[in-house]
Protein chains: 2
Amino acid sequence: MTGTSEASLIDRCRRSGLRITGPRRVILEVLQSAEDHPDVEELHRRVSRIEPGVNIATVYRTMNKLAEHGLIERHMFDDGRQRFEPAPAAHHDHFINVESGEVVEFCSEEIERLQEEIAKSHGFEIVSHKLEIYVRPRRSR
Amino acid sequence: MTGTSEASLIDRCRRSGLRITGPRRVILEVLQSAEDHPDVEELHRRVSRIEPGVNIATVYRTMNKLAEHGLIERHMFDDGRQRFEPAPAAHHDHFINVESGEVVEFCSEEIERLQEEIAKSHGFEIVSHKLEIYVRPRRSR
DNA sequence: CTCTAGTTGCAACTTGTTCGCAATTAAAAC
DNA sequence: GTTTTAATTGCGAACAAGTTGCAACTAGAG
Ligand SMILES: [Mn+2]
Ligand SMILES: [Mn+2]
Ligand SMILES: [Zn+2]
Ligand SMILES: [Zn+2]
């Protein structure tokens, strides 16, 4: 669940007809190797460590472009800033540890199925959904 | 699921030690009688129709105060603006009709239970959660 | 009625994100 | 390799949603 789906983001960009420039290459590498769900500032920080001079507007624009082409997923957890991850091979949802900010991925077949069921019973067809569970480490006693 | 829990928002405010001023009274009435999940601009619009001159900053501040006291619930759907509803008597989640913007409430005992279960199995204890299902009317064939 | 802490209107500010524009450049076409 | 052109970039300004400082006002306790 961590790590990208099929090919590298760079390859997928090429296939989508996106140009691979210097800044973009670095951004893609940073994004690809991220184990977490970084926001734009954090991406920019990581990019700048590798290649200073890349403007944060470029990071924003690149994220928008990648999202348009379905190469990344955009999230908006409760802190109110966009966070990103390479488009995952399979759907998953998220735990957010409210104490550490850490994000943990999970997927429940049953929950997914129940969503379909309840949507159908309301006369709806699901376009997408978002399940975020804010948690803290369980204090054992 | 539509309509408030126990007492009126005004009463609950009084009990929380919040002062009932002119602007606040109108805001509370608007909020209480809302059938949807209005954002601040919309609340302000509705308030202004009843009593012009109320500043939008007051609406923002009132929402923050009410949320602090647990009298309303704050949501953030995909359009990126805060939306509000009076604190519901019982928990529920939301369908958002992507075509009309309409919000429909639902609750699934089973989904709630499965969340607990899966959180526990990851060593977490749930603080809160958010399940938003973006839907469109099911095209029957 | 008095007094004071809570509330308000207003304008200025903050934060996260987008945009216009001129300069640069990837990569398609020769 | 050279040319050509549309995509991309850096930069600063602009935006949008939400917050805040402040002086004036007022609910409601005593
Ligand atoms: Mn993820
Ligand atoms: Mn609701
Ligand atoms: Zn899911
Ligand atoms: Zn729920």
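Quick caveat: nothing in here was measured; it's all calculated off a predicted structure. When reading the values below, keep in mind they use all heavy atoms of this one structure, side chains included, and skip hydrogens, waters and symmetry mates. Below, chain A is the first sequence line, B the second, and so on; all start at residue 1.
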Visitor: Using whole Å, report how far CZ of B:Arg14 lies from C1' of D:dA27.
Guide: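 My rounded result for the distance is 10 Å.
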Visitor: Starting from C1' on D:dT9, measure out to CG on A:Leu18 and report it in whole angstrom.
Guide: 15 Å
Visitor: For A:His94 and A:His92, take the angle between the two ring planes, folded into 0 to 90°, and tell me which bin it lands in: parallel under 30, tilted 30 to 60, perpendicular over 60.
Guide: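 If you compare the ring of A:His94 with that of A:His92, the planes turn out perpendicular.
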Visitor: Would you say C:dT8 has OP1 or OP2 under 4.0 Å from some side-chain N or O of B:Thr58?
Guide: no
Visitor: Kindly indicate, with the supporting measurements, whether the criterion side-chain contact (heavy atoms from CB on, under 4.5 Å) is fulfilled by A:Phe84 and A:Arg74.
Guide: CA-CA 5 Å; A:Phe84 302 90; A:Arg74 192 195 307 258; 3.5 Å; yes
Visitor: Indicate whether OP1 or OP2 belonging to C:dT17 is found under 4.0 Å from a side-chain N or O atom of A:Gln82.
Guide: yes
Visitor: Kindly calculate the angle separating the two end axes of the helix from C:dC1-D:dG30 to C:dC30-D:dG1, each obtained from five base pairs, and round it to 10 degrees.
Guide: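 The two end axes of the helix from C:dC1-D:dG30 to C:dC30-D:dG1 meet at 40°.
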Visitor: What is the distance, rounded to the nearest whole Å, between atom CZ of A:Arg83 and atom P of C:dT17?
Guide: 10 Å
Visitor: Distance check: side-chain N/O of B:Asn64 vs OP1/OP2 of D:dG18, anything under 4.0 Å?
Guide: no
Visitor: Taking atom CD of B:Glu109 and atom CG of A:Leu114, what is their separation to the nearest 0.5 Å?
Guide: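 Rounded to the nearest 0.5 Å, the CD-CG separation comes to 11.5 Å.
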Visitor: Do B:Ile111 and B:Ile126 belong together in a cluster built from hydrophobic side chains that touch within less than 4.5 Å?
Guide: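 Yes; B:Ile126 is reachable from B:Ile111 via cluster members.
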Visitor: When you measure from the side chain of B:Glu41, which nucleotide among C:dT8, D:dA17, D:dC11 comes out closest?
Guide: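 Closest nucleotide to the B:Glu41 side chain: D:dA17.
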Visitor: Give, ordered by number, those residues of residues 73-81 of chain A having at least one heavy-atom distance below 4.0 Å to an atom of DNA chain C; if nothing qualifies, reply none.
Guide: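 The stretch gives A:Arg81 as the residues lying under 4.0 Å from the strand, ordered by number.
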Visitor: How is B:Val40 classified with respect to the nucleic acid when contacts are heavy atoms under 4.0 Å: base, sugar-phosphate, or nothing?
Guide: nothing
Visitor: Would you say the base of C:dG6 and the side-chain of B:Arg61 have a donor-acceptor pair closer than 3.5 Å?
Guide: no
Visitor: Let's go through B:Phe95 and A:His122 carefully: what are the C-alpha distance in whole Å and the side-chain angles of both, what is the deciding distance for ring-ring contact (aromatic ring centres under 6.0 Å, His included) to 0.1 Å, and is it a yes or a no?
Guide: CA-CA 9 Å; B:Phe95 289 118; A:His122 282 253; 5.0 Å; yes
Visitor: Under a 3.5 Å cutoff, is there a donor and acceptor pairing between the side chains of A:His91 and A:Glu112?
Guide: yes
Visitor: Provide, to the nearest angstrom, the distance between the CG atom belonging to B:Leu43 and the P atom belonging to D:dA17.
Guide: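 From B:Leu43 CG to D:dA17 P: 14 Å.
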Visitor: Using 0.5 Å steps for rounding, measure from the OH atom of B:Tyr60 to the CG atom of B:Leu43.
Guide: 10.0 Å
Visitor: Ignoring the backbone of A:Thr62, work out which of D:dT9, C:dA27, D:dG28 is nearest its side chain.
Guide: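 Among D:dT9, C:dA27, D:dG28, the one nearest the side chain of A:Thr62 is D:dT9.
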Visitor: Do A:Leu28 and A:Leu66 have side chains that approach each other closer than 4.5 Å (heavy atoms only, starting at C-beta)?
Guide: yes
Visitor: Using whole Å, what does the distance between atom P of nucleotide C:dT15 and atom OH of A:Tyr60 come to?
Guide: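 Nearest whole value for this atom pair: 12 Å.
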Visitor: Just how far, in rounded Å, is P of C:dT15 from NE2 of A:His44?
Guide: 17 Å
Visitor: Let me see the working for B:Leu31 and B:Glu85 under side-chain contact (heavy atoms from CB on, under 4.5 Å), right down to the final yes or no.
Guide: CA-CA 7 Å; B:Leu31 194 53; B:Glu85 65 180 315; over 6 Å; no
Visitor: To the nearest Å, how far apart are B:Phe84 CZ and D:dA17 C1'?
Guide: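 B:Phe84 atom CZ is separated from D:dA17 atom C1' by 11 Å.
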Visitor: Please list, in numerical order, the residues of residues 19-26 of chain B that have a heavy atom closer than 4.0 Å to any atom of DNA chain C.
Guide: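 The answer is B:Arg19, B:Thr21, B:Pro23, B:Arg24.
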Visitor: Distance-only, no hydrogens or angles: does the B:Tyr134 side chain make a donor-acceptor pair with backbone N or O of B:Asp78 under 3.5 Å?
Guide: yes
Visitor: For the residue pair A:Gln82 and A:His37, confirm or rule out a side-chain donor-acceptor distance under 3.5 Å.
Guide: no
Visitor: In this structure, how many angstroms lie between the C1' atom of D:dG18 and the CG atom of B:Asn55, rounded?
Guide: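 After rounding, the gap between these two atoms is 13 Å.
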Visitor: Measuring from atom CD1 of A:Ile27 to atom CG of A:Leu9, what distance do you get when rounded to the nearest 0.5 angstrom?
Guide: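 Result: 11.5 Å between the selected atoms.
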